[in-house]
Structures are given as structure tokens and as C-alpha cells.
Amino acid sequence: MKKLKYIVLTVLAAALFIGCSSKSDEGEKELLHVSYDIAREIFKNENASYEPWYKENTGTAVKIEQSHAGSSRQARSVVDGVPADLVSMNQFLDIDMLYQETKDDPDGSLIPENWYTLYPNNSNPYSSTMAFVVRKGNPKNIHDWSDLVREDVEIVAPNYKSTGNGRFSYLSAWAWGLKESDGDQQAAREYVKQVLGQTILQAAGGRAATNAFVSDGLGDVLLTFESEVNLIARDLGDGEFEVVVPSYGIDAKMYVVVVERNAREKGNLEAAKAYWDFLYTEEGQRIVAQSYYRPYNQKVAEEFADQLPTLDLFDVDEVFGGWTSAKEVHFSQGGSYDQIQEELGNNR
């Protein structure tokens, strides 16, 4: 049954991409990159530079196919058999799932146990933080986290429990509550409850939240990644939206891994590893910054300091004891999110 499930998922993955891919040149390598919802643009930009770079350096053509949806859902699809060569996610636990849930497989785990040591900075080549998009002129005068809980403010966000994007916003709000109350957990909880009470839509993913805010006109403020808010302000709405970067935020790390078992079986292991090597080069890091993410390379970060200003950022490990603890306390069944939603009379 497991083998049949793998075959079915492989066929589905092939069907997904056949409609958007032209026939490959003979000898061309094809890699499948499975990633989180709003990373389409950054990796489209990386691919445009990596593909000719790889051909020039190896003499072999390569084509990267992209798949994007909610981070946890994407990770689950790879565990269930979608034959990804490359995975990037916005939560450590989503990538670690690829090891934890396949480590006892007869064919071995999809990725090594020490996957986060295989690339610099714990396989974290870039990061982001949470920011706000408001409408032209900022009519509700939203400037920081404290403004989100006014009764006249309506919030749109990705789902706070089930999406990586939404979890970062939820934890950012909780940390703001702790900061403003000198570490009082109950005060932080009350603040988050107010934020949830002002949230009129929790979308299935980051891009769905963007579409609801931009195209459907819902809400006064959109909570999402800094990269996404800048993309909206630059490319959408012809000046109809403005970026607000709050004074305090989360250091939202993004992680990458080669799915070694799949890549090896497909003859793509060297090309897949070279992809992440390229992401860490100055050229790859410059594309990161041009896509409004915060690069690991400090030289490149300094070049883009005006676009990506230094902020007061906290780490999940320091405030919440790491992602495992944060998930258990806040996002597990019956955790703080579920409790607050029940108190508000909302469906989970």
C-alpha cells in the first residue's frame, strides 16, 4: 500500500507540472523544489540565475520546477511521497518532519538527521520578519502592534494555527504582549486574544491572505512576512498600499534541505546540492535581498540596509524555548490558540 501511495503521488506531482513545463532538452536535469506559500517570487528569481550558472559550470542543463502551498502541508506531501529534490520551509519543524517521520523506513530517511548542519548558519540562508500592509494614506493610523487591537481595526492574516506565516504573527503578538507587560504571560494572552478578536479572516495561506486583502478589499491591515508586504506595495495596487514595519518583531528563519534519498534515486544529488550552494553565493544572496528577504551574507545585507533596516528582533528559542515548545503550548490540540478561539466563540 505504501508503494502504491508513493506511485499515485508521483503521478499526481508529474501531472501538476506537465501543464506548466515545456518538454526538456535531452540530457537536461529536472529538479522539483517544494516550498512554502509565498516563496514563489524569490525562487523564481533564484532559478533564473541558477539554471545558466549551473550550465556554465557543469555543461549540463538543469530545470527547476516549483511547488508552493502552506509550509506544513507541503512538508507532509513530501513525507507522503511527492518526489521533491529540494525543500525550503519557513519552520524548522516542517523540515525536521522529513527525517522524524521517515527515519524508520526500510529505504532510510528522506534527509539526514543532522540536515541543519549541512549548510552555513544551520541551513538558514535568509530570514524575514512580520510586517503590516495598510491602505493608501494609512487611514486607521496603524504604526505598531498596539494599534492592532483598537475596535475600529479589522485584521486579515494567514491562519494563526495551521500556517507558518500565521504562527510567526501569533508568536510576534504574544512576544509584544510580554514585552509591554514586563513578562506577564496572562497579559500577553489577553493581548493576543484581542488580536484574534479583531481578525476578520484567517486565510488558508499567505498568498490567500494577500488576495483577500488586495483583491477582495477585506480588512484594514494585513499581517504577513516583510517580503510579502514589500512585494504588495511595489507591484500591486498602483500605490494603493503602504508598508508599516513595527518596532519589534520575530527573527523568522527560513530553512533549506536537499531531499537526499529522492535526489540520489533520480540522479539529481549533485545538482540539488549545487542549488543551495548557489543560494549562499554573493549572487544568490543579492537575489535574496532584492526579493525583500534578509540575507545571511552581511556584506550583501549592508548593501540593502535602506531597504531592510535593522530592527529589534527576538528569537523563538529565547522567548518560547524553541519551536517544539511553542508548538506544544500554542498550536497543539487544546493549546492557547484553541482555548482563545473557544473563549471568543469562534470555530477552530
Side-chain angles (χ1 to χ4, degrees), residues 9-71 73-75 77-79 81-90 94-95 98 110-111 115 118-120 123-126 128 205-207 227 231 254-293 295-296:
L9 283 164
T10 301
V11 171
L12 288 173
L16 174 64
F17 297 111
I18 195 170
C20 62
S21 316
S22 59
K23 182 177 175 61
S24 300
D25 296 333
E26 187 175 353
E28 180 181 77
K29 290 185 176 296
E30 290 189 356
L31 276 65
L32 173 58
H33 179 191
V34 172
S35 189
Y36 58 99
D37 195 26
I38 65 169
R40 293 169 179 82
E41 287 75 23
I42 181 176
F43 287 114
K44 179 182 177 182
N45 296 337
E46 293 288 352
N47 296 348
S49 292
Y50 172 74
E51 290 171 1
W53 177 88
Y54 187 80
K55 177 69 179 290
E56 181 180 348
N57 283 275
T58 68
T60 301
V62 64
K63 176 72 174 176
I64 313 294
E65 297 290 0
Q66 298 178 219
S67 170
H68 298 276
S71 181
R73 181 162 37 132
Q74 290 288 80
S77 75
V78 177
V79 169
V82 168
D85 301 282
L86 302 159
V87 165
S88 57
M89 296 293 167
N90 56 33
D94 285 340
I95 290 189
L98 305 186
L110 284 170
I111 62 174
W115 64 268
L118 301 181
Y119 288 92
S123 295
N124 166 221
Y126 62 93
S128 189
R207 193 50 53 85
S227 55
L231 179 70
M254 312 292 167
Y255 296 93
V256 301
V257 72
V258 173
V259 188
E260 293 192 10
R261 193 175 82 189
N262 291 346
R264 186 178 294 110
E265 289 175 357
K266 295 160 68 177
N268 289 339
L269 187 58
E270 184 275 334
K273 289 182 175 180
Y275 188 81
W276 295 136
D277 288 338
F278 175 78
L279 190 61
Y280 279 92
T281 66
E282 277 197 23
E283 182 179 356
Q285 290 283 285
R286 196 163 282 110
I287 294 169
V288 164
Q290 289 167 348
S291 304
Y292 298 103
Y293 286 91
Y296 163 68

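Only heavy atoms go into these numbers, but all of them, side chains included; no hydrogens, no water, no symmetry mates.
Rounded to the nearest 0.5 angstrom, Leu86 CG and Leu279 CG are separated by 10.5 Å. Interatomic distance, CG of Asp94 versus OG of Ser35, reported as 10.5 Å (0.5 Å rounding). Put simply, CG on Asn268 and CG on Leu31 are 4.5 Å apart, with the number rounded to the nearest 0.5 Å. The NE2 atom of His33 sits 10.0 Å away from atom CD of Glu46, with the distance rounded to the nearest 0.5 Å. Rounded to the nearest 0.5 angstrom, Lys44 NZ and Ile287 CD1 are separated by 13.5 Å. Distance check: Ser123 OG to Ile95 CD1 gives 7.5 Å after rounding to the nearest 0.5 Å.
One side chain, Asn47 or Gln66, offers a donor N or O that lies under 3.5 Å from an acceptor on the other. Side-chain contact check for Glu283 and Tyr50: no donor-acceptor pair (N or O, by modelled atom type) lies under 3.5 Å.
At distances below 3.5 Å, at least one donor-acceptor pair connects side-chain atoms of Asp37 with backbone N or O atoms of Gly206. With hydrogens and angles ignored, the 3.5 Å screen pairs a side-chain donor or acceptor of Gln74 with a backbone N or O of Ser67. A donor-acceptor pair under 3.5 Å links the side-chain atoms of Tyr280 to the main chain of Pro120, judged by distance alone. A donor-acceptor contact shorter than 3.5 Å is absent between the side chain of Asn124 and the backbone of Tyr255. Using modelled atom types, one side-chain atom of His68 and one backbone atom of Tyr36 make a donor-acceptor pair closer than 3.5 Å.
Side-chain contact between Met254 and Ser128 is present, with at least one heavy-atom pair separated by less than 4.5 Å. A heavy-atom distance below 4.5 Å is not found between the side chains of Trp115 and Glu260. Side-chain contact between Val256 and Pro125: present, with at least one pair of heavy atoms (C-beta onward) separated by less than 4.5 Å. In this structure, Arg40 and Arg207 have side chains that are in contact, with non-hydrogen atoms separated by less than 4.5 Å.
Checking each of Lys273, Arg264, Lys266 against Asp85 for a salt bridge (Lys or Arg N to Asp or Glu O under 4.0 Å) leaves exactly one that passes, namely Lys266.
Heavy atoms of other residues, nucleotides or ligands lying less than 6.0 angstrom from CZ of Arg286 number more than 12.
By the 4.0 Å N-to-carboxylate-O rule, Glu51 lies too far from Lys55 to be salt-bridged with it.
The two residues Ala39 and Tyr293 come nearest to each other via the heavy atoms CA-OH, 4.3 Å.
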